[in-house]
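Below you'll find the structure, written out as structure tokens, and then a few comments.
In what follows, chains carry the letters A, B, and so on, assigned in the order in which the sequence lines appear, proteins first and then strands, with residues in each chain numbered from 1.
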Amino acid sequence: MPMEKNFDAAEAEARLYAMWEAAGAFKAGANARPKPDGSPAEPFSIMLPPPNVTGTLHMGHAFNHTLMDILIRWHRMRGFDTLWQPGLDHAGIATQMVVERELALSQQPTRREMGRAAFVDKVWEWKAKSGGQIVEQDKRLGASMDWSRMAFTMSGAPGAPAGEEGNFHDAVIKVFVDLYNKGLIYRGKRLVNWDPHFETAISNLEVEQTEVNGHMWHFKYPLAGGESYEYVERDADGQVTLREVRDYIAIATTRPETMLGDGAVAVHPSDARYAPIVGKLCEIPVGPKHQRRLIPIITDEYPDPLFGSGAVKITGAHDFNDCDVAMRNGIPLFPLMDTKGAMRADAATDNMVPQKYRGLDRFDCRRAVVADITAEGLAVMIPNPAPMPEDDAGRVGFQPTIPYVEAKKIMQPFGDRSKVVIEPMLTDQWFVDTAKIVQPAIDAVRNGDTVILPEQHEKVYFHWLENIEPWCISRQLWWGHQIPVWYGPIKGGDTDTFEAFGLTVKVFCAADESQLIDQLKTYYGDEDFYFFADGESYRGFRDLGLSGELVFEPGEGVHIGRDPDVLDTWFSSGLWPIGTLGWPEQTPELKKYFPTSTLVTGFDIIFFWVARMMMMQLAVVGQVPFKTVYVHALVRDEKGKKMSKSLGNVLDPLDLIDEYGADAVRFTLTAMAAMGRDLKLSTQRIAGYRNFATKLWSASRFAEMNLVWEGYQPQAAPPAATQTVNRWIIGEAARVRAEVDAALEAYRFNDAASALYAFVWGKVCDWYVEFTKPLLADGASAGETRATIGWVLDQCMILLHPIMPFVTEELWGLTAPRAKLLIHADWPTYGADMIDSAADREMTWVIALIEEVRSARAQMHVPVGLKLPIVQVDLNASGRDAWTRNAALIQRLARIDSLTEGAAPKGSILIAVDGGTFALPLEGVIDIGAEKTRLSKTLEKLEKDMGGLRGRLNNPKFVAAAPEEVVEENRENLALGEAEAAKLKRALAQLAAA
RNA sequence: GGGCGCGUAGCUCAGCGGUAGAGCACUACGUUGACAUCGUAGUGGUCACAGGUUCGAUCCCUGUCGCGCCCACCA
């Protein structure tokens, strides 16, 4: 059946993908071949960065996955034992958010109404129904992952439905328990970033600092007992600029609502202005007068005397800096807010939050506080910067004062998911003591066990790890790995305890319930405890002699029973490399594929994920998780903006695949994957590469029409060709194969793409196909030429397959019966020995001659249909040889009808080639003026080039210092140029005579 | 405030010590038996600017000017 005129991507892609899957082509180890020495195939493994279970394929994934697929297909064809491990991340916050929204939309009970177990069931239901759409989308892209090994970061968790079995939960729990037992995980009451929308702690990486328009208010904190002091301000020279008696200390703040929790006012020890009042008390100027707290004025290095008033209110429970100051100085912390970021209404804070502010949202409270202070005259007043020439009462020259409020750009923390302002909150959380496990992760990159490419990212990696902070791993969510810790009362002397509400509580850490029971038995004996944990309530220890019932609230302390919190999603995805391979079981896959070969990822998750995988794998199994990390750039829109839904500039890869085909999308991303630079995607470019696929397709049709595929015998080795043209293209194939391998070896994906583009289009289609036309008509050489065309096109398909899998596989199947699918075809290894340098030289000469003639014809406006004779004016032996052997194709491609020898006839165009001169007699055809212009222009260019060469060669220092071959090359070029210039001049003289 | 990257043809980008490249766009010509998703030939560049190193700099160094990104607790 003859080939269709065009490749029908939409039809073929699904069919080909199904064929690969049915053939098990993606399975780990598929197409693995022993090495030439008989030893087992070398493993090559890549872990897919697990997309969120809520995710759909966006351009960043398409890029990321294309690069991985290229590496995987390339290695698979080279006979490596290849694994591309797919999977999904349970994505705690994101998923819980999606499911809660679903519940709201379908008017079902809320999360809290239905309770934890029921809600988690709902999430699993949702996952089964609509999670992981990205898998189907990846198939459209052509990603050749081993789907039979699909992993999930929550597999095997309690409550997981059938089909979600797996080791991941066990692995996560085991790691938590092990790290806890090694003292690398601890619980503590710390100030953490709190997301008031999701009501959970988040890590500092999940906080985005954004500049917003804010205000800084200046308020007076009156000194206790109406005391006053002399306030003196001096300039840099020590001259007094202000001297007045004050009965207050001025404070600047951007967050007046936190004043209620102030514990002190701090000034710098060297600040002479406040020296008279250090140690005295001042009053927080908010709330009913009789309830106002007095706080001390202290000194600390933290305040900057040049900023604001130089005095800082210290609110340890609501600011990270202040917390440090408070800790240093023994200042108490006063938590003011509840989990939603509203001012607390509960009894514990009675004396902190006055009645009128209780229950107010933090921002409403801010407005109220500002209004109240201002009304009371406790705002610092400044002259109105825009004085009125006349005031309301008609007073001329009156300059009113106004409350001192600076409009100010301030950095404000936002939750990266919730987009609400993050609140520093004092809560009990679990932390990984990263400082203790970070060093191996730093060393591994320093000593090259893991290589990060491009190199510049190593710096970023080092900087972050060297300044690493404790990692808060507990989240107040329900969807995730519940922390395997139970709390109970303690018998004296144990160290794993903490204080809460006057109770000393022991933390039990266990991988599962039976292990916990064992622990408790060791601890209390057989009779002393109850154990009861049904997934809903955890009251097992209530009767152990405690008085009262402890109620857990995030940030508020302790409960009896299992910790309700779950682990940060990144804690589990941090175990992705070993977890997907079956750890803690010592599976054969783990032995074979770990450490993995390459991680391909965007720089945006170096901290979130890459660094943590390094730390965790090293801490848990003592090995690096991957040998190479290839960090690629971001995909942006054509204007260079980051694609985002809110900007509406998102290009959907699936739309592009629909329109241009997956191969075109893949090739575009590959061609633009230059290291270290963001790529701006334009559909024009994709269309161009779609055309490229079409070009290859039509070259194959050309072959078909010329019976190349009739009885074609696919061979790995090139045919033993005798024709120069055939020998030449075989050499070119060898060249491009080497280029592609070298490029991929170095992760220079764009180099591989452009080498292939230049070969397939620029060499094979532009020249070789044309060269073969006369040969195919010639009985003697037609056979070998057909074989060569077939072989060369096979090489195109093979070498392009990693980047353009669909069109190449389709051609592979259409053109000849094949022993294997292309996806499993053997990647060539032939080398430079296939380059026939004589053929190479000859074809380069032929191409140059044809181009010269074409150029001359075009510029003289010789009609396309008009064939011309050519005159060989002078030509050296190799030129004559080349002409003789290629006369047919030169005449065809340059549209020449005959050759004569002799002097250039009058009114002819001179064609200079390496080793000689031709003339195109064009008397009566050419425009003499135009030809003069053409020759002068060529001469001018030549003279300019030669000027440079002469200058250099006349410089004795150049001749002395430059490498021999550079000097030699310059000499040769100058000689060639001079010969050519002489000819041009002669021709010009002739024209002038005519 | 630190750190990183980028300014090369009209556009999007490669390149990187030895005479400036690609694709797209543009211009002219073309119904040549693979391909108009095409062909042939062209136009188009002080490689941001200023110094320095070098026989030689788009490339290395320093500074300046523009852009972009990452990290950072200035109340």
Side-chain angles (χ1 to χ4, degrees), chain A residues 3 5-7 204 209 216 251-255 258 266 302-304 306-315 319-324 410-411 413 424 454 456-457 459-460 463-464 467 603-604 606-607 633-634 636 638 640-642 660 664 671-672 674 676-682 684-685 687-706 750-751 754 757-758 762 765-766 769-770 773 851 854-859 861-865 892-893 895 944-949 951-952 955-963 965-967 969-970 973 977:
Chain A
M3 286 171 68
K5 189 160 182 194
N6 282 312
F7 175 57
N204 38 3
Q209 296 288 341
M216 189 149 83
I251 299 294
T253 180
T254 55
R255 304 191 51 203
T258 66
Y302 167 63
D304 174 2
L306 300 177
F307 187 90
S309 68
V312 184
K313 67 189 205 58
I314 301 302
T315 319
D319 183 282
F320 289 98
N321 287 316
D322 291 6
C323 188
D324 290 344
I410 55 173
M411 296 303 285
Q456 76 232 26
H457 288 290
K459 251 185 179 162
V460 182
H463 181 262
W464 191 72
N467 297 285
F603 62 80
D604 47 336
I606 290 182
F607 307 138
L634 247 48
R636 297 173 182 279
E638 61 266 73
K641 286 256 183 290
K642 194 169 168 172
Y660 301 101
M672 300 185 73
R677 186 151 167 162
D678 286 348
L679 45 143
K680 296 177 194 165
L681 202 63
S682 79
Q684 242 183 6
R685 187 113 184 215
Y689 291 123
R690 187 261 330 265
N691 299 352
F692 177 58
T694 308
K695 189 77 180 176
L696 177 66
W697 182 266
S698 69
S700 305
R701 276 185 72 220
F702 165 79
E704 181 191 46
M705 290 172 186
N706 286 283
N750 56 319
D751 284 356
S754 55
Y757 188 94
C765 294
D766 285 352
V769 164
E770 295 304 328
K773 285 175 183 171
E851 282 180 334
R854 281 174 173 172
S855 175
R857 290 179 56 119
Q859 283 177 59
H861 297 108
V862 177
V864 174
R892 175 194 174 87
L893 295 179
R895 305 200 63 71
K944 199 179 142 204
D945 287 351
M946 288 196 300
L949 291 168
R952 207 168 304 150
N955 182 344
K957 285 185 186 166
F958 170 71
V959 179
E965 62 271 21
V966 173
V967 178
E969 200 189 321
N970 275 267
N973 285 336

[options]: which one has an atom nearest the side-chain heavy atoms of [X]?
X	options	value
A:Asn973	B:rA72, B:rA75, B:rU19	B:rU19
A:Ser855	B:rA75, B:rA34, B:rG42	B:rG42
A:Arg895	B:rU32, B:rA14, B:rG18	B:rU32
A:Phe702	B:rC69, B:rA34, B:rC73	B:rA34
A:Thr253	B:rA75, B:rG42, B:rU40	B:rA75
A:Val864	B:rG30, B:rA34, B:rG18	B:rG30
A:Asp945	B:rU19, B:rC73, B:rA34	B:rU19

Worksheet item: Who pairs with A:Lys957 by salt bridge (Lys or Arg N to Asp or Glu O under 4.0 Å), at least two apart in sequence or on another chain?
Response: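 So A:Lys957 forms no salt bridge (Lys or Arg N to Asp or Glu O under 4.0 Å) with any residue.
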Within the structure shown, what part of the strands sits under 4.0 Å from [X] by heavy-atom distance: base, sugar-phosphate, or nothing?
X	value
A:Ala961	base
A:Asn955	sugar-phosphate
A:Gly310	base
A:Glu965	nothing
A:Pro956	nothing

At under 4.0 Å, does any side-chain N or O of [X] touch on OP1 or OP2 of [N]?
X	N	answer
A:Thr315	B:rA75	no
A:Lys5	B:rA36	yes
A:Lys773	B:rU32	no

Expressed as a whole number of angstroms, how long is the span from [X]:[atom1] to [N]:[atom2]?
X	N	atom1	atom2	result
A:Asn6	B:rA34	CG	P	16 Å
A:Met672	B:rG15	CE	C1'	16 Å
A:Arg952	B:rU54	CZ	P	18 Å
A:Gln456	B:rC71	CD	C1'	15 Å
A:Gln859	B:rU40	CD	P	16 Å
A:Arg857	B:rG30	CZ	C1'	12 Å
A:Trp697	B:rC38	CH2	P	17 Å
A:Leu893	B:rG39	CG	C1'	12 Å

Worksheet entry | A:Ser700 and A:Glu704: side chain donor to acceptor below 3.5 Å |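 No, A:Glu704 and A:Ser700 have no side-chain donor paired with an acceptor closer than 3.5 Å.
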Heavy-atom pair with the smallest gap, counting every atom of [X] and [Y]:
X	Y	result
A:Phe958	A:Val966	CZ-CG1, 4.1 Å
A:Gly977	A:Met946	C-SD, 3.3 Å
A:Arg857	A:Arg895	NH1-O, 2.8 Å

How far, in whole Å, is [M] from [N] if one measures between their [atom1] atoms?
N	M	atom1	result
B:rG56	B:rC38	C1'	44 Å
B:rC55	B:rA50	P	23 Å
B:rG10	B:rU46	P	8 Å
B:rG23	B:rA9	P	16 Å
B:rC6	B:rA36	C1'	38 Å
B:rC70	B:rC11	P	26 Å
B:rU31	B:rC67	C1'	49 Å
B:rG17	B:rC61	C1'	13 Å

Worksheet entry | Side-chain donor/acceptor of A:Glu770 to backbone N/O of A:Leu893, under 3.5 Å |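 Checking the backbone N and O of A:Leu893 against the side chain of A:Glu770, no donor-acceptor pair under 3.5 Å is found.
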Practice prompt. Tell me which of A:Met216 and A:Lys957 sits closer to the 5' end of RNA chain B, going by the nucleotide each one is nearest to.
Written response: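 In this pair, the answer is A:Lys957.
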Discussion item. Quick check on RNA chain B: between A:Val959 and A:Asp751, whose nearest nucleotide comes earlier from the 5' end?
Written reply: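 The residue closer to the strand's 5' end, by nearest nucleotide, is A:Asp751.
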[Y] side chain reached by [X] side chain, heavy atoms, under 4.5 Å:
X	Y	value
A:Val967	A:Arg952	no
A:Met216	A:Ile410	no
A:Val312	A:Tyr302	yes

Worksheet item: So A:Glu851 and A:Ser855, side chain to side chain donor-acceptor pair (under 3.5 Å) or not? Walk me through it.
Response: CA-CA 6 Å; A:Glu851 282 180 334; A:Ser855 175; over 6 Å; no
Fill in: Torsion-based syn/anti label for B:rU8, 90° from 0 as limit
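For B:rU8, whose glycosidic angle is more than 90° from 0, the conformation is anti.
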Discussion item. Between A:Tyr757 and A:Tyr689, does the ring-ring contact (aromatic ring centres under 6.0 Å, His included) criterion hold? Intermediate values first, please.
Written reply: CA-CA 9 Å; A:Tyr757 188 94; A:Tyr689 291 123; 5.7 Å; yes
Item to complete: Look at the side chain of A:Lys459 against the base of B:rC4 and say whether a donor-acceptor pair falls under 3.5 Å; ignore hydrogens and angles.
Response: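 Not at all, since no donor on one side and acceptor on the other fall under 3.5 Å apart.
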Worksheet item: Checking only heavy atoms, does the side chain of A:Arg690 share a donor-acceptor pair with the base of B:rU37 at less than 3.5 Å?
Response: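 Yes, a donor-acceptor pair under 3.5 Å.
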Nucleotides 23-27 of chain B: which of its N/O atoms have a protein N/O under 3.5 Å away?
from, atom 1, to, atom 2, distance (Å)
B:rC24, O2', A:Gln684, OE1, 2.8
B:rC24, O2', A:Gln684, NE2, 3.2

Discussion item. For RNA chain B, report each stem as range with range, ordered by first number, or say none. Use Watson-Crick or G-U wobble pairs under 3.5 Å, at least 3 in a row.
Written reply: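 Stem segments, range with range: B:1-7 with B:65-71, B:10-13 with B:21-24, B:26-30 with B:38-42, B:48-52 with B:60-64.
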